[in-house]
There are 2 protein chains.
Amino acid sequence: MKFKSLERGPSLPQEIVASLTSALFAGELRPGDRLPSEQALATEFGVARTVVREAISQLKYDGIVQSRVGVGAFIAQPQERTAFRISPECFKKRKELLKLLRLRNGVVIEVAADAAQARSNRDIARMEAILKEMRDAIGDSDHGAERHFEAERQLIHAIAKVADNEHALNFIVMIDSQIAEKLRSVAVKNTKATELAAVAIEEQARLVEAIKRGDPVAAREKARKHYDNAAQRLADRADFADV
Amino acid sequence: MKFKSLERGPSLPQEIVASLTSALFAGELRPGDRLPSEQALATEFGVARTVVREAISQLKYDGIVQSRVGVGAFIAQPQERTAFRISPECFKKRKELLKLLRLRNGVVIEVAADAAQARSNRDIARMEAILKEMRDAIGDSDHGAERHFEAERQLIHAIAKVADNEHALNFIVMIDSQIAEKLRSVAVKNTKATELAAVAIEEQARLVEAIKRGDPVAAREKARKHYDNAAQRLADRADFADV
DNA sequence: ATTAATCGGGTTGTCAGACAGCCTGCGGGC
DNA sequence: GCCCGCAGGCTGTCTGACAACCCGATTAAT
């Protein structure tokens with residue numbers, strides 16, 4: 001077997017992980033296959049065995065490989081993975097990003113419904129404060145768009161907190177922060193168009209209102225309306241092109 | 001700082017990861033804090049530095065800690081995590097499991113809507129075959145419940161495949177296989193009640209029908225109806241108690 | 001006295017070698 | 001033909017070492 005040689009980048013183990021996972025993705029390594037021994041990999045990559053071990057330990061951590069003492073390391077079945085992780089390249093492609101957005105939206109929508117049943121007065125106050133921040137941001141010609149963008153993220157997080165589902169919150173925070181990393185510039189340009197920002201705020205205000213009323217069905221509907229629209233608005237932008 | 005001592009369990013590095021993450025969860029380690037040096041951790045845990053390094057490399061892999069050469073390793077901010085992972089303990093608690101189920105359902109519901117727009121004749125055939133397997137399973141008094149359970153999982157996976165969102169598929173497969181691990185026995189008992197199984201099959205048949213019609217709104221509605229009901233049926237079981 | 005250069009200790013990242021415990025596969029004895 | 005034992009290879013762990021790096025303190029220069 002042959003792996004992409006590595007070029008002293010950020011971290012040796014990380015390079016090896018990348019090399020192995022890409023070999024896996026390319027189908028060169030298939031579930032059930034045995035990896036070369038650590039020694040063999042070490043010499044092939046030109047590194048010490050400790051480095052290879054560190055790389056393999058990460059793959060084990062994700063359930064991508066399983067190792068047996070005295071035998072070797074094996075590629076696990078796909079359904080045995082124990083972590084959900086998105087490779088940084090996914091965020092570079094427009095199509096992938098929109099898919100991730102849909103994934104996130106699905107969770108956010110359900111969480112909004114839960115929030116409508118678990119809300120307290122303090123929760124509502126918090127969300128209304130975020131809405132106010134959005135409205136204030138419109139007037140701020142300098143950093144208004146950035147403030148709006150941040151406020152939108154905070155609203156999502158606030159809703160997830162209200163829903164009292166820490167797994168959903170963790171998931172949303174993780175996926176959202178990574179999306180935000182790549183999307184900030186485009187999204188900021190988007191909200192710079194004041195009429196779009198006003199529409200978005202109005203949508204979110206209705207969502208908060210539904211949560212306030214304790215109406216999960218309406219919360220779900222309003223959440224879907226806003227977050228799907230937001231994704232659509234992003235998708236429609238010509239400058240949000242494939243990279 | 002004091003960490004839980006470890007007792008030669010499954011894997012030394014894994015124990016250390018568990019010890020560190022539990023310290024993090026308990027609030028003893030907070031974002032921005034510096035970890036003890038690898039040497040210090042090694043002596044404290046009574047292991048070699050390589051073992052500690054392997055543990056820390058896993059935490060780095062998840063974005064939970066970041067290390068700087070010549071300085072040390074630091075707990076990262078929560079929003080810097082790059083992996084979504086559920087600790088095995090979560091699946092032991094009834095409440096946690098239901099939350100995870102809601103998380104999964106949110107994704108499945110959105111994915112069903114996408115599937116309704118992307119379906120092909122072959123996809124429909126596949127899903128109808130799975131439905132047939134469910135109906136056949138009712139007659140099988142020996143392994144019928146197990147067959148039904150597996151078929152339900154396959155239907156979810158099939159829908160995710162149709163929707164052409166590999167991230168959602170990965171997510172669902174991961175969370176579902178872990179839920180299934182803990183839930184199989186209860187779910188199997190559930191579907192043993194034939195009238196419940198018949199209801200569930202009917203619900204899923206309507207979902208498939210909506211996908212076949214290419215009606216995303218209906219698909220969403222039917223999906224929510226079935227999967228929320230399924231979660232409710234599980235929650236209602238008295239023997240699905242806290243462990 | 002203030003600033004600049006230097007030095008030393010501590011830390012991570014990597015390397016090399018070693019050994020225990022385990023497993024597989026082969027060959028020899030029955 | 002079947003079973004036992006052994007050798008070799010593998011993973012898991014340990015030990016010691018060194019380079020590169022960072023920080024703080026001490027020292028030197030202005």
Side-chain angles (χ1 to χ4, degrees), chain A residues 1 3-20 23-24 29 31-76 80 82, chain B residues 1 3-20 23-24 29 31-76 80 82:
Chain A
M1 196 166 334
F3 294 106
K4 288 187 193 70
S5 64
L6 34 86
E7 24 214 293
R8 288 272 162 183
S11 150
L12 261 10
Q14 218 50 41
E15 303 261 336
I16 294 180
V17 168
S19 188
L20 290 176
L24 179 66
L29 249 30
D33 286 358
R34 216 202 81 177
L35 258 62
S37 75
E38 295 174 355
Q39 198 63 257
L41 286 173
T43 60
E44 179 166 356
F45 283 117
V47 298
R49 189 160 77 102
T50 51
V51 176
V52 172
R53 274 193 67 74
E54 220 162 277
I56 291 183
S57 88
Q58 297 185 352
L59 297 177
K60 280 193 292 189
Y61 194 38
D62 279 5
I64 292 174
V65 315
Q66 291 171 345
S67 59
R68 284 159 49 197
V69 176
V71 184
F74 299 84
I75 307 288
E80 282 164 345
T82 127
Chain B
M1 196 165 338
F3 295 107
K4 287 188 192 70
S5 63
L6 33 85
E7 24 214 294
R8 287 272 161 185
S11 150
L12 261 9
Q14 217 51 41
E15 303 261 336
I16 294 180
V17 168
S19 189
L20 290 176
L24 179 65
L29 250 30
D33 287 357
R34 216 201 83 177
L35 257 61
S37 75
E38 296 175 353
Q39 200 65 256
L41 286 173
T43 59
E44 178 165 358
F45 283 118
V47 298
R49 206 184 128 211
T50 50
V51 175
V52 172
R53 275 193 66 74
E54 219 163 277
I56 291 182
S57 88
Q58 297 185 352
L59 297 177
K60 281 193 291 190
Y61 192 40
D62 279 5
I64 292 176
V65 315
Q66 291 171 346
S67 58
R68 285 160 48 199
V69 176
V71 184
F74 299 84
I75 306 289
E80 282 165 346
T82 139

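Residue numbers begin at 1 in each chain, while the letters A, B, ... track the order of the sequences.
- A:Ala40 meets the side-chain contact (heavy atoms from CB on, under 4.5 Å) test with A:Pro36, A:Ser37; sequence neighbours excluded.
- Relative to the side chain of A:Val51, the nucleotides C:dT14, C:dG13, C:dT11 differ in distance, and C:dT14 lies closest.
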Which letters describe nucleotides 19-25 of chain C, given B = protein heavy atom under 4.0 Å from base, S = only from sugar-phosphate, - = neither? --BBBS-
Counting only pairs under 3.5 Å, give me each side-chain donor-acceptor contact of residues 64-73 of chain A, with atom names and distances, residues two or more places apart or in other chains.
unit_1  : atom_1 : unit_2  : atom_2 : d
A:Ser67 : OG     : A:Lys60 : NZ     : 3.4

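- The distance from atom CG of B:Leu20 to atom CG of B:Leu35, rounded to the nearest 0.5 Å, is 5.5 Å.
- Atom pair B:Leu35:CG and C:dG10:C1' shows a separation of 16 Å (rounding to whole Å applied).
- For B:Ala55 against B:Pro13, the heavy-atom pair with the smallest separation is CB-O, 3.6 Å.
- If you measure from atom CG of B:Leu41 to atom P of C:dG13, you get 13 Å, rounded to the nearest angstrom.
- The distance between atom CD of B:Gln14 and atom C1' of D:dG12, rounded to the nearest whole Å, is 13 Å.
- Between A:Glu38 atom CD and D:dG9 atom C1' the separation is 12 Å, expressed in whole Å.
- A 4.5 Å side-chain heavy-atom check between B:Leu41 and B:Ile16 finds every atom pair outside the cut-off.
- DNA chain C is contacted by no residue of residues 55-67 of chain A, taking any non-hydrogen atom closer than 4.0 Å.
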Output, in order, the C-alpha distance, side-chain angles, deciding distance and verdict of side-chain contact (heavy atoms from CB on, under 4.5 Å) for B:Phe45 and B:Val51. CA-CA 10 Å; B:Phe45 283 118; B:Val51 175; over 6 Å; no
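- Spacing between atom CD of A:Glu54 and atom C1' of D:dT11 amounts to 16 Å, rounded to whole angstrom units.
- Judged as a salt bridge (Lys or Arg N to Asp or Glu O under 4.0 Å), and not counting sequence neighbours, the contacts of B:Glu38 are B:Arg49, B:Arg53.
- B:Ser37 comes within 4.0 angstrom of sugar-phosphate atoms only, judged by non-hydrogen atoms across all strands, and of no base.
- Distance, A:Glu15 CD to C:dG13 C1': 14 Å, rounded to whole Å.
- From A:Glu54, atom CD reaches atom OG of A:Ser11 across 7.0 Å, with rounding to the nearest 0.5 Å.
- Between the C1' atom of D:dC14 and the CG atom of B:Leu12 lies a distance of 11 Å, rounded to the nearest Å.
- For A:Arg53, the listed nucleotide lying nearest its side chain is D:dG12; candidates were C:dT14, D:dG12, D:dC14.
- If you take CZ of A:Phe45 and P of C:dC15, they are 13 Å apart, rounded to a whole angstrom.
- The structure places CG of B:Asp62 at 7.0 Å from CG of A:Asp62, a figure rounded to the nearest 0.5 Å.
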